[in-house]
Protein chains: 2
Amino acid sequence: MLSKKTKYGIKALTYLANRIENCPVQISEISKSENISHKFLESILLTLRKAGVLGSKKGKGGGYYLLKPALEIKMTDVIRALEGPIAMVPCVSLNFYEKCDDCPDENACSVHKLMIQVRDNTLHVLRNTTLADLNAS
Amino acid sequence: MLSKKTKYGIKALTYLANRIENCPVQISEISKSENISHKFLESILLTLRKAGVLGSKKGKGGGYYLLKPALEIKMTDVIRALEGPIAMVPCVSLNFYEKCDDCPDENACSVHKLMIQVRDNTLHVLRNTTLADLNAS
DNA sequence: TATAATCCTACTGTTCCGATAGGGTAATAG
DNA sequence: CTATTACCCTATCGGAACAGTAGGATTATA
């Protein structure tokens with residue numbers, strides 16, 4: 001299941017991408033438009049800034065803005081920053097690998113085999129989808 | 001993330017599918033072979049029986065066995081029984097649909113659009129994979 | 001009738017998620 | 001220079017879900 005953090009993050013990014021000008025947008029503007037708690041959204045945007053997806057400007061007239069064109073922001077980057085692993089089990093994760101306690105041999109594990117298939121298919125979608133593809137049509 | 005319940009369930013099913021004879025296998029045999037807590041596995045196999053995947057025989061010499069040939073047991077059925085929804089958000093789930101609180105219009109939602117893509121790709125894998133495909137090679 | 005095994009309900013400890021609280025810090029307007 | 005605005009950061013907390021446990025009831029076999 002996708003966490004609300006990730007869901008709200010994607011919605012906020014889409015909102016930013018749909019603006020005509022890429023100038024700083026305040027948290028409260030996004031929060032009102034997308035029905036997201038102001039404080040919660042604040043922590044989400046902070047995470048995206050630390051991940052290098054968003055830039056921010058402090059003080060009056062400040063806010064958050066996209067650091068790159070929407071076409072260059074891949075969904076893999078966004079989801080990894082907010083959600084963590086894309087894989088459904090840590091033992092098939094590319095970026096967040098962890099060995100299973102119960103599995104003596106990964107290559108003989110049926111779950112491992114299946115989840116690699118799922119991961120590859122999911123990655124294919126997320127790698128080839130950018131923020132620009134999610135724009136309101 | 002896949003729950004341990006689902007993971008253990010798939011491992012147990014694979015174990016059953018790999019047996020030469022499809023006669024009742026005791027919980028403790030599977031539990032030992034796959035390093036799963038006996039009691040926990042018990043509840044998992046019970047779920048699979050209620051879902052119509054496994055049959056059981058009580059009393060001495062009893063145990064669990066596959067109700068259908070491995071080739072006819074789809075991963076979608078197994079995962080839905082143990083994990084619940086396959087989709088990453090309830091609003092794109094086929095079997096466990098729920099409307100989002102924050103979304104006035106699903107069709108305009110960027111997350112919705114993206115997650116339908118992911119769901120379709122995942123479903124494609126899980127529908128076309130049966131227990132027989134997971135056999136130890 | 002003893003024993004072996006599933007069946008079933010309830011409970012519990014832990015972890016994670018979603019959200020909140022409260023102040024600190026930087027930039028801008030005037 | 002100062003007030004205001006808005007981001008920055010840490011800590012905390014309630015609740016839900018997960019992983020696993022406990023204990024006995026039931027049923028079938030030998």
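Within every chain, numbering begins at 1; the chains are lettered A, B, ... in the order of the sequence lines, protein sequences first and strands thereafter.
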Whole-Å distance separating the [atom1] atom of [X] from the [atom2] atom of [N]:
{"X": "B/Lys58", "N": "D/dT27", "atom1": "NZ", "atom2": "P", "answer": "5 Å"}
{"X": "A/Gln26", "N": "D/dC8", "atom1": "CD", "atom2": "C1'", "answer": "16 Å"}
{"X": "B/Lys57", "N": "D/dA28", "atom1": "NZ", "atom2": "P", "answer": "10 Å"}
{"X": "A/Leu54", "N": "D/dC7", "atom1": "CG", "atom2": "P", "answer": "12 Å"}

Task: Side-chain heavy atoms of B/Met75 within contact of A/Leu114, under 4.5 Å - done: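 Contact flag for B/Met75/A/Leu114 side chains = yes.
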
Open item on the list: Taking only side-chain N and O atoms of A/Arg49, does any of them lie within less than 4.0 angstrom of OP1 or OP2 on D/dC8?
Closed with: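 Result: yes.
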
Open item on the list: Any side-chain N or O of A/Tyr65 below 4.0 angstrom from OP1/OP2 of D/dC7?
Closed with: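 No.
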
Task: DNA chain D: 5'-proximal contact among A/Ser56 and A/Lys60 (nearest heavy atom) - done: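 On the 5' side of the pair lies A/Lys60.
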
TODO: Could you check which residues of residues 37-45 of chain B get a heavy atom under 4.0 Å from DNA chain C? Sort them by number, please.
DONE: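 Residues of residues 37-45 of chain B that come under 4.0 Å of DNA chain C are, in numerical order, B/Lys39, B/Glu42.
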
Open item on the list: So if I apply the side chain to side chain contact (heavy atoms under 4.5 Å, CB included) rule between B/Thr130 and each of B/Leu71, B/Thr76, B/Ile73, which one comes out positive?
Closed with: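 It is B/Leu71, the one option of B/Leu71, B/Thr76, B/Ile73 that forms the side chain to side chain contact (heavy atoms under 4.5 Å, CB included) with B/Thr130.
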
TODO: Only one of B/Leu45, B/Ile44, B/Leu67, B/Leu46 passes side chain to side chain contact (heavy atoms under 4.5 Å, CB included) with B/Leu54; say which it is.
DONE: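 Result: among B/Leu45, B/Ile44, B/Leu67, B/Leu46, B/Leu45 is the only option passing the side chain to side chain contact (heavy atoms under 4.5 Å, CB included) with B/Leu54.
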
Any Lys/Arg nitrogen of [X] or [Y] sitting under 4.0 Å from an Asp/Glu carboxylate oxygen of the other?
{"X": "B/Asp102", "Y": "A/Lys4", "result": "no"}
{"X": "B/Arg19", "Y": "B/Glu29", "result": "yes"}
{"X": "A/Lys113", "Y": "B/Asp133", "result": "no"}

Open item on the list: Can you tell me if A/His124 has over 12 outside heavy atoms packed within less than 6.0 Å of its NE2?
Closed with: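 No - once you tally the heavy atoms of other residues, nucleotides and ligands closer than 6.0 Å, there are 12 at most.
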
Task: Results of side chain to side chain donor-acceptor pair (under 3.5 Å) for B/Gln117 - residues two or more places apart only - done: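 Per chain and number, B/Gln117 pairs via side chain to side chain donor-acceptor pair (under 3.5 Å) with no residue.
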
- [ ] Return the set of residues passing side chain to side chain donor-acceptor pair (under 3.5 Å) with B/Thr122 (not counting sequence neighbours), or none when no residue passes.
- [x]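 If we apply the side chain to side chain donor-acceptor pair (under 3.5 Å) test to B/Thr122, skipping adjacent residues, there are no hits.
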
Open item on the list: Could you report the tightest heavy-atom contact between A/Thr47 and A/Ala81, atom names first, then the distance?
Closed with: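 Looking at all heavy atoms of both residues, the shortest contact is CG2-O, 3.7 Å.
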
Task: Estimated bend of the helix from C/dT1-D/dA30 to C/dG30-D/dC1 (axis per five terminal pairs, rounded to 10 degrees) - done: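 Comparing the first five pairs with the last five, the axes sit 10° apart.
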
Task: Atom pair NZ (A/Lys11) and OG (A/Ser33), whose distance is rounded to the nearest 0.5 Å - done: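 Between A/Lys11 NZ and A/Ser33 OG, I get 9.0 Å after rounding to 0.5 Å.
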
Open item on the list: Using a 4.0 Å cut-off to any heavy atom of chain A, which nucleotides of DNA chain C are the first and last in contact, reading 5' to 3'?
Closed with: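 First-to-last contact on DNA chain C, by the 4.0 Å heavy-atom rule, is C/dG18 to C/dA29.
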
Open item on the list: Mind checking if A/Lys50 touches a base, just sugar-phosphate, or nothing, with heavy atoms under 4.0 Å?
Closed with: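 Result for A/Lys50 = sugar-phosphate.
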
- [ ] Check the hydrophobic clustering (I, L, V, M, F, W, Y; side-chain heavy atoms under 4.5 Å; chains of links allowed) and say if B/Val78 and B/Tyr15 are grouped together.
- [x]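 Both belong to a single hydrophobic cluster.
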
- [ ] Identify whether B/Ile79 and B/Phe40 are in the same connected component of the hydrophobic contact network (ILVMFWY, side-chain heavy atoms under 4.5 Å).
- [x]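 Linked within one cluster.
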
Open item on the list: I need a per-nucleotide contact map over nucleotides 12-18 of chain D, read 5' to 3'. Cutoff is protein heavy atoms under 4.0 Å; write B for the base, S for backbone only, - otherwise.
Closed with: -------

Task: Distance-only polar pair, side chains of A/Ser3 and A/Thr6, donor-acceptor under 3.5 Å - done: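 There is such a pair (donor and acceptor under 3.5 Å, judged by atom type) between the side chains of A/Ser3 and A/Thr6.
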
TODO: Please tell me which of A/Leu2 and B/Gly59 maps to the more 5' nucleotide of DNA chain C, matching each residue to the nucleotide holding its nearest heavy atom.
DONE: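 First, find each residue's nearest nucleotide; the 5'-ward one identifies B/Gly59.
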
